[in-house]
Amino acid sequence: MRLAPLTRSVIRRLRRIGPVALLVLLTALLIGAAAFRASETAGLAALRETGRHRLDLYAASLEREIDKYAFFPATLELERDVLDLAAGRPAPKADVNRFLERLNQRTGTLAIYVMNAQGRVVASSNWNRPDSFIGEDLFYRPYFIAAAAGRPGRFYGIGTTRNEPGYFLSSTLIDNGEIVGVAVVKVSLEQLERSWATVEAPVLVVDENGVAILASVPSWRYSTLRPLDGAERQRLERTLQYNARPLPPLGLAPVRQLSDDAELVRLPAEARTEADAASPFAISGLVLAQKAPLHGTPWSMTVLSPVAPVTAMAWAHAALSAVGSALVGMLALLWRQHRRHLRALRHANDALERKVEERTRHLRAAQGELVHAGKLAVIGQMSAGLAHELNQPLAALRTLSGNTVKFLQRGKLEAAQDNLERIGQLVDRMGALTGELKRFARKSTGAPQPVAVGRVIGNALFLLDARLNRTAVAVTVEAPDDAVALCDANRLEQVLVNLLTNALDALADAPDPAITIAASRQTDRVRVTVADNGPGLSDTARDRLFEPFFTTKDVGKDGGKETETGGGLGLGLAISAGIVRDFGGTLSGTNGPDGGALFAIDLPAAPDPAAPDPVIDTPNRANA
């Protein structure tokens, strides 16, 4: 199976940074785990604090509900008829029953009744109902036992007559210092349970037997927080406290103890029934159970706070921390790789610069060799003219020397002296010519320096003097003293010799050949032009003028009608353009406004021109 290019690229990158990437990933996971633990701990602490506030609120509401009825039983002791009826003395029983009925209706309690000292009900607010309490023997009820012993009774249970749950408050009836009976008030706490259903977390009220007698979730009522053993169940069945309810366990499974009053427990999903569909607190899963005792009773209250939001927030913090640390790690890794790549690129750039410098030195050396070869080629082209220039003086020297010998033999000293002076002049002329050739052929450093352009033009014309004499070309030179360029004199001389040679080749068949050389200074530039009145440049020659190896000459011939490209091999103008470019200048060629070729050399001017030598205005040697 072939992988996509992107996948392969990612795999290659992972292989390159494999160990480091694994370390970053492991670090990110550890940071995420630490963030989860810290967030969970902080969230549970906040949840516990909220749970304690909820316990206080729930307990206060329950105590207020109970305290509203706590004084009722004791007030019945103020009624003489109630005391007489409880003591077994003659009393209007019907009046007592109606009194209790009216009092029950006004207070909103479930029932109010009076028991004698033996635990039998002698008067009740429900006297006229089929399920009246009158005549029932309730001596076994805990609230009667407590009141008969002189203590206020508190008891929650399910009535055996009407199967109605309620909270029983009992008080002792004393007459002349003797306990004659017990007064009982039964109140309903369903309204309180309904109010709890509107708060934020489910709550349980557990009695001394571990049974949930009040719960904000209906199905949790009469369930136990821990399983009951057989003996406990038998005892509860004998007391009929829960009227034979099954008392199933709620199923809270301990997970982790956080403190004496708080622990994490797991609530099974089976704890929710169809009856809880309307309850917003029918929760399951991990919850925080917090317990607190209820003052004045053997009961305790438990609040169950769902831990899911805390866990979700902890996972979110863990994910953000892991992703953030992984991102920071990857950025650090990428930055490290970027630094390594920069170092590698810097090394490669340094190596490339060294190679460029080395190649530049080689190219400059090769260019110097080409320049020198060009000079030698020019000298080779001028060899015939130079031989003619040297042969004439040599022949004259031979004749004059022979005549001088004869004049000396004849004693004609003046004639001999005159011949010797002429021989000296010829030798000086030959020395100047060979000296100029030697200077022209010498390799130059190429370092730019102030150069008087007029003097360089004169030197170039002197080298071509013999050919100028043969071809009878009229040469005009205009070179002011301020035309001082920043270049190498020897190389500029070679460029001018090349341009003049091309001009002479182009003028081979011209009827009135003429060459105009002009130099001028323009601010910080010096411009030198070489123009002829020959046939000019064709379109092809003008487009390819400075291409190496392009030429319009026949190799081995001195000239032709279209020869401004110079050099039989087509290297003359290419080399000349390179020389001028090295000086920071340009060489261009075109046709003049009056016909013929026009070549222009543009060079930087010397900032502080040296005083130039006088301009050599070389005349037409053919007319000399």
Provide the closest heavy-atom pair for Ser321 versus Ala35 in the form atom of the first, atom of the second, distance. OG-CB, 3.1 Å
As an exercise, state the distance from CG of Asp481 to CZ of Arg521, rounded to the nearest 0.5 Å. 12.0 Å
Ignoring hydrogens, what is the shortest heavy-atom contact between Pro306 and Val287? Give both atom names and the distance. CA-CG1, 4.1 Å
Asn533 side-chain N/O to Ala514 backbone N/O, donor-acceptor pair under 3.5 Å: yes
In short, Cys487 meets Leu603 closest at the heavy-atom pair SG-CD1, 4.3 Å
Between Glu40 and Arg37 (salt bridge meaning N to carboxylate O under 4.0 Å), is one present in this structure? yes
Between Leu496 and Asn459, is the side-chain contact (heavy atoms from CB on, under 4.5 Å) condition met? List the steps. CA-CA 10 Å; Leu496 290 173; Asn459 293 338; over 6 Å; no
Report the distance from atom CZ of Arg581 to atom OG of Ser576, rounding to the nearest 0.5 Å. 11.0 Å
Run the side-chain contact (heavy atoms from CB on, under 4.5 Å) test on Val528 and Val495 for me, step by step, so that the C-alpha distance in whole Å, both residues' side-chain angles and the decisive distance to 0.1 Å come before the verdict. CA-CA 11 Å; Val528 183; Val495 173; over 6 Å; no
Working note: Leu573 + Asn502, criterion side-chain contact (heavy atoms from CB on, under 4.5 Å); need CA distance, chi angles, decisive distance, verdict. CA-CA 9 Å; Leu573 288 179; Asn502 288 344; 3.9 Å; yes
In Å, rounded to the nearest 0.5 Å, how long is the span from OG1 of Thr529 to CG of Leu499? 10.5 Å
If you take all heavy atoms of Gly32 and Ala318, which pair is closest and at what distance? O-CB, 3.2 Å
Donor-acceptor pair, distance only, cut-off 3.5 Å: does the side chain of Asp532 make one with the backbone of Ala597? yes
Does the Ser39 side chain pair with the main chain of Phe36, one donor and one acceptor, at a distance under 3.5 Å? no
Heavy atoms of Leu500 and Ala460 approach each other most closely as CD1-CB, 4.1 Å
How long is the straight-line distance from CG of Leu331 back to CZ of Arg336, given to the nearest 0.5 Å? 14.5 Å
Closest heavy-atom contact between Leu492 and Phe583? N-CE1, 4.3 Å
Compare all side-chain heavy atoms of Asn591 with those of Leu598 and state whether any distance is below 4.5 angstrom. no
Could you please spell out the steps behind the salt bridge (charged side-chain N to carboxylate O under 4.0 Å, His left out) verdict for Lys355 and Glu358? CA-CA 5 Å; Lys355 289 183 179 180; Glu358 184 179 356; over 6 Å; no
Rounded distance (nearest 0.5 Å) linking atom CG of Leu345 with atom NE2 of His347: 10.0 Å
Check whether the side chains of Gln494 and Asn498 place a donor and an acceptor atom closer than 3.5 Å, and report yes or no. no
May I ask you to decide whether Glu357 forms a salt bridge with Arg354, counting only side-chain N to carboxylate O separations under 4.0 Å? no
Hey, is the main chain of Arg525 close enough, under 3.5 Å, to the side chain of Asp602 for a donor-acceptor pair? no
Check step by step if side-chain contact (heavy atoms from CB on, under 4.5 Å) holds for Val484 and Val526. CA-CA 7 Å; Val484 181; Val526 173; 5.9 Å; no
Do Asp488 and Asp582 have side-chain heavy atoms sitting under 4.5 Å apart? no
Kindly compute the distance separating CG (Leu320) from CE (Met313), expressed to the nearest 0.5 Å. 9.5 Å
